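Below is one structure, written out as structure tokens; the observations come after it.
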Amino acid sequence: MSKTVNGITFSTPEEAGVEQLTPEEFAAARAMFAAARRQAEDEQVDGPFYPAIEPYDHGMLGVGDGHSIYWEVSGNPDGKPAVVVHDIGAGGGRDVRQMFDPAVYRIVVFDQRGSGASTPHASEPTTSMEFITTTHLLADLERLRTHLRVDRWLIYAEAWGCAVALAYAEQYPQHVTELVLVEVALFRREEINWLFGGLARIMPAQWEIFTDELELIGAKEDPVAGYHTLLNHGELSVREQAAASWCEWLGSVIARETPDAPWPFSEHSPAELMAVARIGANFFAHSAWLDDDQILRDINRIAHIPVTLVQGELDLTTPAKNAWDLGRALPNSLLYTDHEAGHMFGFGLLSTAMYALEQFAADRPFTGWNSSMM
């Protein structure tokens, strides 16, 4: 039976179909994460926990099809390699490296094709979406690993980037040491239908605004396909309006969970909003070029890899069922659900993810959370 402490639910491996944690191990894990959360709240930590650092190396890597991806490395040059796979279209936020202990980790942050500092940018109308697919992103990640001469690395991913991270791990399991996945998405059809249809039942006004302009092209019944068309329209004004409406809908969903939080896209430039919308619509329109349930179907390929899943129970964008289904399918996983968190990261999610990274940094055999890890 799962237990809840300080708003975090600890789902035991028994619930995922594997061996039950001993009472001592469970108590130790519970105490460790509760203490981490209390410390974060006491210190009024509002973001990443380690001091800001600058990369010691960076560059542009040509990956074919006229694309080059920006990458940077920070932390310990001889440390444990870790790579951050950011959310689709968003670009690799530089603050995320502060979640890693820079004395222990060799931290790789990069911008996926079409986003961030990578070129060409998806906001440019001449940038074709044909070469920005899951297949391309997986090849780019593997090319980056080879370029940086990394043998095996931990993967940290957030939201829809989790699906990319899992697909990469299933294709290249020999190069992945661990996975830390926050706000899990798998790109299943049910997830896409929920985000672009199911939520209309609880957000009818916002949904009507989102779909009204699709009437002009007769695409109201398939809003993802309709927006994919508008975002690749020949007229700039049409693309800009479509990008604004796309991000308005996604932002409204997140704001529904945490109405007092800042607007999710408040710091995005018009070019960044366009990239988020164009790449996002492209992936959703094609279900990320993955068979439905493909990640779960092929999950045995990574059954040996330790995985930590960190999930907000109030998340409407990437609902908790995704992490639950994944955790039940993975024998070497632990799932932590924060009952107070939505899609926006807070104390519980950040402190839990950071502590998972700290434990994996020690390269301990994965036998469950126990007192030796405190």
Side-chain angles (χ1 to χ4, degrees), residues 1-5 7-18 33 85 87-88 134 155-167 169-170 179-203 206-207 223-224 249-250 252-258 264 280 283-284 287-288 290-300 302-303 305 307-346 348-349 352-353 356:
M1 180 178 182
S2 61
K3 298 184 181 182
T4 302
V5 179
I8 300 180
T9 293
F10 295 87
S11 299
T12 66
E14 182 180 51
E15 294 175 312
V18 298
F33 283 93
V85 178
D87 199 1
I88 298 298
T134 299
I155 301 181
Y156 172 89
E158 300 172 354
W160 301 97
C162 293
V164 175
L166 286 161
E170 290 181 349
L179 289 159
V180 177
L181 308 177
V182 184
E183 307 290 26
V184 177
L186 304 176
F187 267 112
R188 293 177 293 183
R189 175 50 56 183
E190 66 182 62
E191 300 168 50
I192 299 172
N193 290 343
W194 163 254
L195 184 56
F196 296 101
L199 278 167
R201 298 189 176 190
I202 59 175
M203 301 177 60
Q206 295 92 332
W207 181 254
V224 173
W249 167 250
L250 295 181
S252 296
V253 174
I254 297 173
R256 173 89 179 196
E257 309 160 1
T258 49
F283 270 71
F284 287 119
S287 299
L290 299 171
D291 294 337
D292 202 26
D293 263 343
Q294 178 177 327
I295 290 175
L296 292 179
R297 181 196 70 197
D298 297 338
I299 206 68
N300 285 340
I302 61 171
I305 297 176
V307 180
T308 295
L309 309 171
V310 184
Q311 181 68 41
E313 188 177 72
L314 304 182
D315 191 343
L316 295 175
T317 305
T318 53
K321 185 177 185 296
N322 303 334
W324 178 258
D325 290 346
L326 185 61
R328 288 180 64 84
L330 281 171
N332 235 4
S333 70
L334 288 175
L335 166 61
Y336 300 95
T337 304
D338 187 335
H339 292 280
E340 299 175 2
H343 197 67
M344 297 284 281
F345 296 175
L349 297 184
T352 303

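Every heavy atom of this structure was used, including side-chain atoms; hydrogens, water molecules and symmetry mates were not. What you are looking at is a predicted structure, and each value in this text was computed from that prediction instead of being measured.
Expressed to the nearest 0.5 Å, how far CD of Glu190 lies from CG of Asn322 amounts to 7.0 Å. Taking CG of Leu309 as the start and OG1 of Thr352 as the end, the distance is 12.0 Å to the nearest 0.5 Å. With rounding to the nearest 0.5 Å, the separation of CG in Asp325 from CG in Asp293 is 8.0 Å. From Thr134, atom OG1 reaches atom CG of Leu290 across 5.0 Å, with rounding to the nearest 0.5 Å.
The closest donor-acceptor contact from the side chain of Trp324 to the backbone of Leu335 lies at 3.5 Å or more, if one exists at all. A donor-acceptor pair under 3.5 Å is absent between the side-chain atoms of Arg256 and the main chain of Leu316, judged by distance alone. Between the side chain of Gln311 and the backbone N or O of Val184, at least one donor-acceptor pair lies under 3.5 Å. Using a distance-only test at 3.5 Å, with no hydrogens or angles considered, a donor-acceptor pair links the side chain of Glu183 to the main chain of Gly312.
The two residues Thr308 and Ala356 come nearest to each other via the heavy atoms CG2-CB, 3.8 Å. When all heavy atoms of Gly161 and Val85 are compared, the pair lying nearest together is O-CG1, 3.6 Å. In terms of heavy atoms, Leu181 sits closest to Ala165 at CD2-CB, 4.3 Å. Smallest separation of non-hydrogen atoms from Arg189 and Ser287: NH2-OG, 2.6 Å. Contact record, Leu330 with Ala303: CD2-CA, 4.3 Å, taken as the closest heavy-atom pair. Residues Phe196 and Pro223 approach most closely at O-CG, 4.0 Å, considering heavy atoms.
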Applying side chain to side chain contact (heavy atoms under 4.5 Å, CB included) to Leu326 and Ile299, what does each step give before you reach the verdict? CA-CA 9 Å; Leu326 185 61; Ile299 206 68; 3.6 Å; yes

Quick one: do Ile254 and Leu250 satisfy side chain to side chain contact (heavy atoms under 4.5 Å, CB included)? Show the steps, please. CA-CA 7 Å; Ile254 297 173; Leu250 295 181; 5.6 Å; no

Given Glu191 and Thr318, is the side chain to side chain contact (heavy atoms under 4.5 Å, CB included) satisfied, shown in steps? CA-CA 7 Å; Glu191 300 168 50; Thr318 53; 5.7 Å; no

Stepwise, does the side chain to side chain contact (heavy atoms under 4.5 Å, CB included) test hold for Val310 with Asp338? CA-CA 8 Å; Val310 184; Asp338 187 335; over 6 Å; no

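Between Phe187 and Trp160, the two ring planes are tilted [angle within 30° to 60°].
Taking Gln294 as the reference, nothing meets the side-chain hydrogen bond (donor to acceptor under 3.5 Å, both in side chains) condition, with sequence neighbours excluded.
A 4.5 Å side-chain heavy-atom check between Leu199 and Gln206 finds every atom pair outside the cut-off.
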